[in-house]
Amino acid sequence: MRKAFTGCAVIGFVVVALISGVTPAAATSGDRLAASASSRAPRWPAPSPDRVLELVSAAGLVPETAESLEYHVHAHLDVFVNGRHQTVPAGVGIVTTDPAVHTGTIDGQPAYGGISVPCAQPCISPLHTHAVTGILHTESATRVDNTLGQFFTEWDVPLTAQCVATYCTPQTRIAIFVNGRRQRFADAARIALSDHKEIALVIGRRPSHIPRTADFSQD
């Protein structure tokens, strides 16, 4: 995180989930299908700090006591539901309550990281978000790209070959784009979070613009 902390990396990846006529899986009536996007738009906050390590392990990653910068890449993720942008929260993959984790702000929003003195216990995943910029950080001791599926596991938002959280095909159309090019949604979880990759996940109505790149200077 360049604006608030030192020793943090950024991953550029934008995800747009495209769902037209989007509706949660639980919706059953035509009226509910026609409900406004604002009343249905998912709100997926960062998991509570006491669940972070459990979710990191579930993603197949090993939490560390500080950021490791031997392999330092940034991707960016954008999520849209019926054309409306959804926030990718700060602090995914970070035990934000650990006293060694610095807290600051970027553009007036909370930001976490910059661990200069290591935590007494593991407190941060090699895949995490510092701020609400949508930048996914890989800061790892090994030169291996993480995947979008691993990030969604850490975020505690189910991502399968058919669904994002409660939005599922074929009831809902979902699309995913990498650097502006549409990809098979069924393969979304396997997308590698390589450096400066932009992923857009679109659920429902498409936004007016599908991002092809991102501002990787944000954090």
Side-chain angles (χ1 to χ4, degrees), residues 1-13 15 41-79 85-142 144-159 164-166 189 193 199 201 214-219:
M1 298 176 56
R2 296 187 181 93
K3 291 186 180 179
F5 309 109
T6 60
C8 298
V10 180
I11 293 179
F13 189 111
V15 173
R43 185 169 181 269
W44 301 319
S48 60
D50 63 340
R51 298 200 60 224
V52 167
L53 298 183
E54 164 201 345
L55 292 167
V56 171
S57 295
L61 299 171
V62 178
E64 301 170 345
T65 57
E67 294 101 333
S68 295
L69 302 180
E70 287 83 354
Y71 189 55
H72 186 187
V73 298
H74 317 129
H76 186 269
L77 172 64
D78 282 324
V79 178
H85 190 263
Q86 307 296 308
T87 298
V88 177
V92 174
I94 302 176
V95 181
T96 57
T97 52
D98 190 291
V101 175
H102 293 182
T103 301
T105 60
I106 291 179
D107 295 333
Q109 298 295 319
Y112 309 96
I115 303 170
S116 54
V117 176
C119 301
Q121 301 293 328
C123 62
I124 188 167
S125 170
L127 173 61
H128 53 264
T129 60
H130 290 298
V132 297
T133 57
I135 293 173
L136 312 182
H137 297 248
T138 288
E139 298 170 1
S140 175
T142 59
V144 176
D145 288 327
N146 298 308
T147 66
L148 186 62
Q150 288 177 303
F151 177 74
F152 271 76
T153 297
E154 290 190 338
W155 192 4
D156 202 24
V157 176
L159 174 64
V164 179
T166 57
L193 301 178
I199 298 169
L201 174 65
D215 180 2
F216 293 104
S217 68
Q218 295 178 86
D219 70 346

d(Thr138 OG1, Leu61 CG) to nearest 0.5 Å is 8.5 Å

What heavy-atom pair brings Ser68 and Glu64 nearest, and what distance separates the two atoms?
OG-OE1, 3.0 Å

Do Leu193 and Val73 come close enough that some side-chain heavy atom pair is under 4.5 Å?
no

Which label fits Phe152 and Trp155: parallel for a plane angle under 30°, tilted from 30 to 60°, or perpendicular past 60°?
tilted

When you check the side-chain N and O atoms of Thr142 and Ser140, is any donor under 3.5 Å from an acceptor?
yes

Side chain Gln109, main chain Ala131, donor-acceptor under 3.5 Å
no

Could you list the donor-acceptor pairs under 3.5 angstrom formed between side-chain atoms of residues 87-95 and any protein atom two or more places apart in sequence or on another chain?
none

So, for Cys119 and Val101, which heavy atoms are closest and what is the spacing to 0.1 Å?
SG-CG2, 4.2 Å

Do Val164 and Pro158 make a side-chain contact, defined as non-hydrogen atoms from C-beta onward lying under 4.5 Å apart?
no

Please name the pair of heavy atoms, one in Cys123 and one in Asp98, separated by the smallest distance, quoted to 0.1 Å.
CB-OD2, 3.9 Å

Indicate yes or no for a side-chain donor-acceptor contact from Gln150 to the backbone of Ala59 under 3.5 Å, with no hydrogens or angles considered.
yes

For the atom pair OG1 (Thr129) and CD1 (Ile135), what is the distance rounded to the nearest 0.5 Å?
10.5 Å

Smallest separation among heavy atoms of Pro122 and Thr65, with atom names:
N-CG2, 3.9 Å

In this structure, are over 12 heavy atoms from other groups packed under 6.0 Å from Glu54 atom CD?
yes

Check whether any side-chain heavy atom of His130 sits under 4.5 Å from a side-chain heavy atom of His102, and report yes or no.
no

On a heavy-atom basis, the closest approach of Pro126 and Asn146 is O-ND2, 4.0 Å

Here the salt bridge (Lys or Arg N to Asp or Glu O under 4.0 Å) pairs for residues 146-159, sequence neighbours left out, are Arg51-Asp156

Closest non-hydrogen atom pair between Gly149 and Leu159, with its separation:
CA-CD2, 4.2 Å

